[in-house]
Engineer: 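Quick one: this structure, given as structure tokens, is what I'll be asking you about.
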Amino acid sequence: MSSGNMQLYAEVSSMRLSYLRARDPSIINFNAPRLPLPVNLENRYSDDDNNKIDKEAEEEEERSDHLSVFLRIKNGVPFKDLYEIDGCNLVCNSPEGSYSTRNMKVGNQLKKIYTFTKIFGPEDRQVDVFNYMVKPKVLRFINGQNSTLFTYGVSGSGKTFTIVGTADEPGIIPRALEYIFRTIKGVGFKDDIKPLPAQQVRQMSKEEVLNASRDKATLLNASFLDKHFHAEQYRKMQQSLIDEPVAHLEVASDVYVSIWVSFAEIYNEYIYDLLQLPQKNKEKPKLRLGCTKYGTYIKQLTSINVQSGVEAYQILQFGINNLKYASTALNCHSSRSHSIFTIKMVQWKKNSDVCISTINFCDLAGSERLKKTGNVGDRLKESNNINISLLVLGRCIENIRAGQKMNQMKSKPIPFRESKLTRLFQNALMGFEDMNIIININPSLGMFDESQHALNFAAIAQQIISIEKPIRMVRNRFSEMLQKQDGPTAVQLRSVSDEEFDRIQNELQRIQDQNIELQLQMNQMQAEHYEEIQSTVDEATVRFRNIWENRIKQVKERAEYDLQALRQQYEEKIREMQEDVIEISSDEEPDERDNMLKDAENCVKDLQTQVRQLQNENELLCIRILELEEKEAKLEEQLLAYHQTLPLLADTDISNENSEDEGGTY
Ligand SMILES: Nc1ncnc2c1ncn2[C@@H]1O[C@H](COP(=O)(O)OP(=O)(O)OP(=O)(O)O)[C@@H](O)[C@H]1O
């Protein structure tokens with residue numbers, strides 16, 4: 001693409017740091033979470049302070065390398081004797097009659113312990129959840145790294161409350177928005193740099209910027225959105241957060257940022273854009289997934305450029321209005337779809353690469369026991385789809401965990417492609433990106449079995465290891481075992497085993513690198529192959545269609561021409577005969593006249609026979625044309641079938657990384 005052109009494509013190095021290097025927030029408040037990136041603090045603290053900060057940084061580093069699983073227990077529900085919170089452990093005492101005690105003797109109790117990164121008890125407020133769990137992720141985001149946050153749990157357990165919150169108790173999205181805009185206060189905004197899939201950006205023309213801001217104004221002025229009410233709500237939240245510390249930035253003057261939000265929902269396995277005005281008597285368009293070597297993204301998803309927290313919050317409220325809710329026996333305002341709110345930040349510096357970071361907030365629809373919800377009809381169909389996609393998510397996590405524990409080669413296939421949700425978050429699930437899951441439970445006795453299901457899911461998820469992390473488990477166990485042995489053989493054995501271990505580990509690392517490289521190459525080849533086949537099929541379709549259309553046209557023209565010529569010929573003859581009849585009736589003798597009339601009658605009969613023959617011929621021609629048209633339709637069908645058998649064409653489009661499809665979560 002020429003430089004004179006207003007389009008600017010820039011590849012972003014995924015390893016780049018952000019230009020907006022956040023200074024540690026503990027400069028203001030020692031208790032505030034630390035930045036995951038190293039910051040030079042040597043001159044500011046005593047040795048003791050440094051040790052403390054190093055320890056915190058290590059803990060944070062340790063936390064951010066793994067998939068973190070948090071637990072939140074719904075407030076206002078008594079759970080005496082059922083659950084005990086012991087630091088990061090949750091002890092569950094299965095009550096009699098529950099699923100897990102069904103085969104036990106009466107009176108026996110079963111204790112289960114689940115460990116989490118952190119447990120938020122009923123007394124923990126929204127601000128506690130945000131400060132501990134989300135703030136470090138937002139700082140990572142400002143530093144140019146990607147994060148994904150899921151809420152998982154049974155219907156009515158408080159997932160939406162945690163993610164979006166209420167007017168009085170805003171959830172983690174509004175708080176994250178406020179935190180981002182407060183942190184980058186003073187940095188210049190650029191509204192013409194738009195992030196694209198495949199870690200690219202595009203510089204928009206003035207006209208495009210104008211259209212985009214017009215579209216945004218249309219959304220914000222939508223009749224169903226109480227813009228002023230939401231702005232007021234947001235200001236109330238802003239006011240309550242005024243004393244909360246934020247990270248301080250050291251920003252170069254020539255750095256600009258551009259922030260974009262998008263909001264999508266997966267309902268009954270179809271993806272919809274929540275930032276589109278509903279159109280009267282028109283079905284909402286279903287969006288499709290695209291794929292680049294950087295991951296999967298939603299094609300044609302609307303992205304809105306926002307320049308303040310209030311604006312972003314109003315956009316969020318617009319999307320929430322479009323979300324599918326319904327009343328079920330478990331929750332009178334139950335989300336019937338998985339919703340994904342994405343914030344993207346482009347950091348731009350003149351004559352330099354750009355840095356794009358993404359943070360996804362995914363509110364999963366609640367898993368449901370059909371018996372308890374009492375759902376029928378549409379609700380039942382929704383429940384089935386929700387449960388299936390959560391089941392696939394569970395299977396993916398289980399297989400990843402099993403694969404990481406066992407030999408990589410023996411691992412089971414991971415069914416990412418079986419649901420839209422797992423395809424979209426494949427990278428995060430595989431451990432390529434930072435991922436956090438909040439398990440919400442309703443601690444009531446009646447929901448015990450369902451909560452156990454969510455806790456078991458958490459237990460499996462907790463064990464997924466980040467892809468960059470070497471698998472140390474084997475080494476620890478091995479050396480521990482040998483250390484317990486006495487005598488020289490043990491020492492000898494240990495040193496040999498260590499060497500062997502290092503060799504195997506290096507080999508494993510090499511194979512893993514090769515594997516990733518091959519995967520990328522395969523994606524690339526699939527994309528190229530698909531395009532090649534697609535264009536060949538398209539060409540063949542056009543050629544066949546032209547040939548058949550020409551043939552049918554020729555036959556039709558020929559038939560019409562012949563018919564016309566014959567008609568003229570017979571009309572001419574009839575006219576001549578009519579003239580003859582007039583002549584005969586006036587001039588000739590009666591006998592002569594009779595003979596001539598007879599001749600004329602015979603002649604007319606002949607003509608009529610010929611006309612009949614002509615009509616028959618014409619009918620035959622029509623049948624022939626019909627046959628040709630049927631043949632053409634069959635060919636079209638064959639071509640369509642051919643299209644459908646193309647690899648990956650069934651429901652995925654693999655676009656190459658230069659795809660100009662804009663927006664999207666990936
Ligand atoms: N920690 C909490 N403190 C106070 N109220 C809560 C808490 N968690 C949930 N609630 C309340 O419980 C109700 C149900 O919560 P919510 O809608 O968030 O559930 P959900 O898990 O998103 O359900 P679904 O999957 O059916 O949408 C709401 O009225 C919410 O305000």
Side-chain angles (χ1 to χ4, degrees), residues 70-79 83 85 90 116 118-134 149-175 233 237 263 265-268 274 316-317 319-341 361-375 378-391 393-394 421 437-444 446-447 450-451 453-455 457-458:
F70 300 85
L71 174 71
R72 188 169 196 198
I73 303 175
K74 188 174 174 178
N75 190 14
V77 186
F79 58 85
Y83 300 99
I85 302 169
L90 180 80
F116 290 89
K118 167 128 181 100
I119 298 179
F120 298 101
E123 71 292 347
D124 282 314
R125 293 165 313 136
Q126 302 278 62
V127 65
D128 302 321
V129 177
F130 176 78
N131 279 347
Y132 189 89
M133 191 184 75
V134 190
L149 256 136
F150 278 102
T151 51
Y152 183 97
V154 184
S155 183
S157 57
K159 297 180 296 299
T160 311
F161 180 79
T162 304
I163 283 243
V164 184
T166 58
D168 297 326
E169 292 176 88
I172 56 181
I173 298 182
R175 284 171 198 274
Q233 260 184 314
M237 178 190 73
F263 204 3
E265 76 173 337
I266 305 177
Y267 174 69
N268 281 345
L274 292 173
L316 169 75
Q317 291 301 337
I320 288 173
N321 260 297
N322 275 343
L323 260 173
K324 295 262 183 335
Y325 285 105
S327 176
T328 67
L330 292 181
N331 186 1
C332 61
H333 197 60
S334 172
S335 328
R336 311 310 296 158
S337 57
H338 309 306
S339 63
I340 305 140
F341 185 78
F361 297 92
C362 181
D363 182 7
L364 297 178
S367 55
E368 310 183 324
R369 272 234 178 134
L370 304 182
K371 242 193 211 169
K372 282 206 175 151
T373 50
N375 287 346
D378 274 358
R379 295 290 88 77
L380 184 67
K381 190 178 164 197
E382 286 164 1
S383 291
N384 283 335
N385 277 312
I386 292 168
N387 287 344
I388 287 170
S389 62
L390 293 177
L391 202 75
L393 177 66
L421 183 78
I437 302 179
I438 312 168
I439 304 289
N440 287 86
I441 60 164
N442 175 346
S444 73
M447 297 302 282
E450 285 81 354
S451 301
H453 181 77
L455 292 168
F457 174 89

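Numbering of ligands and ligand atoms starts at 1, following listing order.
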Engineer: Judging by distance only, is a nitrogen or oxygen of L364 under 3.5 angstrom from one on ligand 1?
Structural biologist: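 By distance alone, the answer is no.
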Engineer: Please check if the side chain of D128 supplies one atom and the backbone of R125 the other of a donor-acceptor pair under 3.5 Å.
Structural biologist: yes
Engineer: Check whether any heavy atom of V154 sits under 4.0 Å from an atom of ligand 1.
Structural biologist: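 It does; at least one heavy atom falls under 4.0 Å.
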Engineer: Output, in order, the C-alpha distance, side-chain angles, deciding distance and verdict of ring pair (Phe, Tyr, Trp, His ring centres under 6.0 Å) for F263 and F341.
Structural biologist: CA-CA 4 Å; F263 204 3; F341 185 78; 5.3 Å; yes
Engineer: Is there a polar contact, in the sense of an N or O pair closer than 3.5 Å, between T166 and ligand 1?
Structural biologist: no
Engineer: I73 versus ligand 1: do any nitrogen or oxygen atoms come within less than 3.5 Å of each other?
Structural biologist: no
Engineer: With the threshold set at under 4.0 angstrom, would you say G153 reaches ligand 1 through any of its heavy atoms?
Structural biologist: no
Engineer: Tell me if a side-chain donor or acceptor on K74 pairs with a main-chain N or O of G156 at a distance below 3.5 Å.
Structural biologist: yes
Engineer: Are any of the N or O atoms of G156 closer than 3.5 Å to those of ligand 1?
Structural biologist: yes
Engineer: Distance only, no hydrogens: is a donor on one side chain within 3.5 Å (strictly under) of an acceptor on the other, for N440 and T151?
Structural biologist: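 T151 and N440 do not have a side-chain donor-acceptor pair below 3.5 Å.
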Engineer: Atoms of ligand 1 less than 4.0 Å from N75 heavy atoms?
Structural biologist: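 Result: 1 (N), 2 (C), 3 (N).
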Engineer: Quick one: does S451's side chain have a donor or acceptor within less than 3.5 Å of a partner on N442's backbone?
Structural biologist: yes
Engineer: Using atom types as modelled and distance alone, determine if a side-chain donor or acceptor of Q126 lies under 3.5 Å from a backbone N or O of F161.
Structural biologist: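 Yes: the side chain of Q126 pairs with the backbone of F161.
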Engineer: Any nitrogen or oxygen of S155 lying under 3.5 Å from a nitrogen or oxygen in ligand 1? Just yes or no.
Structural biologist: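 N/O-N/O distance below 3.5 Å exists for this pair.
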